[in-house]
Amino acid sequence: MAKMSFDMNGPGVISIKWEEIIQLRSNKTFQIALQDGQILVTRLDSAFFETQKIALDEIVEILQIKNRFLKRLYGDVNLGFNYTKSNDIFQFNFGSSVTYRVPKWETGFKLNNVISRSSSDTITSKKQDATASVLKTLNKRYYLMSYLGWERNTELGLDNRYLLTGGAGKIIFNDNNKRLLTGGGLSYNREQFNDSSSFIGNVEAMGIVEFKKFRYTFPKININAQFNIYPSLSDWGRIRMNLQANTSIEIFKDFSVGFTFYDNFDNRPSSDAASENDFGLTFSITYTFGK
């Protein structure tokens, strides 16, 4: 169920069910996403509704374009600990994401860190990644994107992977409670495995599918799943795949709890790799800001 939230002096943030709203008027500038894929940057005055002939139920998202840099930032920070007594495994996970939005452009940064250690094993397992991305929204639900990233996964024998990716895609559907996005492109990376000190260059194709499901009534619930596949073009026959699924449920304002499942696969990892596949389930508490 969709809601509209606005910040008032005194009462603070007020949320109203979308179906209860009859009219909107504001002299502020907004970015408005419609169900047919149009992206409009305009004011919500009477001229907008009369000239555009848009009904309220055609609007998927309204975001105010704020005039200060810090007010255009939003994101989250999550932290979690897991301990299993039966096999004496301790796991720590930390993640954060920040997005800066201007009309039809989004710039983001994501950081994930999962560290596992067992008292019976002197080796610490690390899964870490950092990504800086840029996304340009086009009409008819098309988009262009690019990102620069770094990855490490000791379970797969990967010490360092630096990658640059570019591509395009389309949002198949987008409404007030779900979104399905698909896309593809090319990726170039340089990899260093733990059995060698040298870096190896690799060119890959890329495919992506992302699904989001959300609910705005209390308790707010979010489900986000993303699948990436990378068939290699320079090392024919090699395939990498990444799957990550996040769920969260609000416990009180700006704080939520949830689970993250990840699965990383490489059919040609390092010769010293423990496995071709690394997967895990983590629990964390998340703080959301700027929304």
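- Rounded to the nearest 0.5 angstrom, Asn277 CG and Asp263 CG are separated by 4.5 Å.
- Heavy atoms from other residues, nucleotides or ligands lying under 6.0 Å from NZ of Lys213 number more than 12.
- With no hydrogens or angles considered, no side-chain donor-acceptor pair links Trp150 and Asp129 at under 3.5 Å.
- In terms of the side-chain hydrogen bond (donor to acceptor under 3.5 Å, both in side chains) criterion, Trp105 has no residue partners (sequence neighbours excluded).
- Through direct or relayed side-chain contacts under 4.5 Å between Ile, Leu, Val, Met, Phe, Trp and Tyr, Ile115 connects to no other residue.
- Remark: the Gln91 side chain and the Ser116 side chain contain an N/O donor-acceptor pair separated by less than 3.5 Å.
- Judged purely by atom type and a 3.5 angstrom limit, Asn267 uses its side chain to pair as donor or acceptor with the backbone of Gly237.
- Every residue meeting the salt bridge (Lys or Arg N to Asp or Glu O under 4.0 Å) condition with Lys212, not counting sequence neighbours, appears here in chain and number order: Glu210.
- For the side-chain hydrogen bond (donor to acceptor under 3.5 Å, both in side chains) test, residues two or more places apart in sequence or in another chain that qualify with Thr165 are Ser187.
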>> Run the side chain to side chain donor-acceptor pair (under 3.5 Å) test on Gln128 and Asn113 for me, step by step, so that the C-alpha distance in whole Å, both residues' side-chain angles and the decisive distance to 0.1 Å come before the verdict.
In response: CA-CA 4 Å; Gln128 300 166 304; Asn113 187 14; 3.1 Å; yes

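- By the 4.5 Å heavy-atom criterion applied to side chains, Ile285 and Asn78 are not counted as neighbours.
- Hydrophobic cluster membership for Leu164: Leu148 (Ile, Leu, Val, Met, Phe, Trp, Tyr linked by side-chain heavy atoms under 4.5 Å, directly or transitively).
- Lys178 meets the salt bridge (Lys or Arg N to Asp or Glu O under 4.0 Å) test with Asp175; sequence neighbours excluded.
- Every residue was checked against the side-chain hydrogen bond (donor to acceptor under 3.5 Å, both in side chains) condition with Thr286, not counting sequence neighbours, and none meets it.
- Nearest heavy-atom pair across Ser284 and Asn93 is CB-ND2, 3.6 Å.
- Note on residues 228-242: pairs passing side chain to side chain donor-acceptor pair (under 3.5 Å), not counting sequence neighbours, are Tyr147-Tyr230, Glu191-Arg238, Asn202-Ser232, Asn202-Ser234, Glu204-Arg240, Gln226-Asn228, Asn228-Tyr230, Asp235-Arg268, Arg238-Asp266.
- Donor-acceptor pairing under 3.5 Å is recorded for the side chains of Arg72 and Tyr100.
- Under the salt bridge (Lys or Arg N to Asp or Glu O under 4.0 Å) criterion, Asp278 pairs with no residue at all, not counting sequence neighbours.
- Remark: Asp159 pairs with Gln192, Asn194 by the side-chain contact (heavy atoms from CB on, under 4.5 Å) rule, at least two apart or across chains.
- The number of heavy atoms from other shown groups lying within 6.0 Å of OH (Tyr142) does not exceed 12.
- For the pair Lys127 and Tyr262, the cation sits on the ring face: its NZ or CZ lies under 6.0 Å from the ring centre, inside 45° of the axis.
- Evaluation of the side-chain hydrogen bond (donor to acceptor under 3.5 Å, both in side chains) rule for Ser97 yields Asp76 as partners, not counting sequence neighbours.
- Between Phe261 and Phe279, the ring planes lie tilted relative to each other; the angle falls in the 30° to 60° range.
- Shown here are the side-chain contact (heavy atoms from CB on, under 4.5 Å) partners of Ser196, two or more places apart in sequence or in another chain: Ser198.
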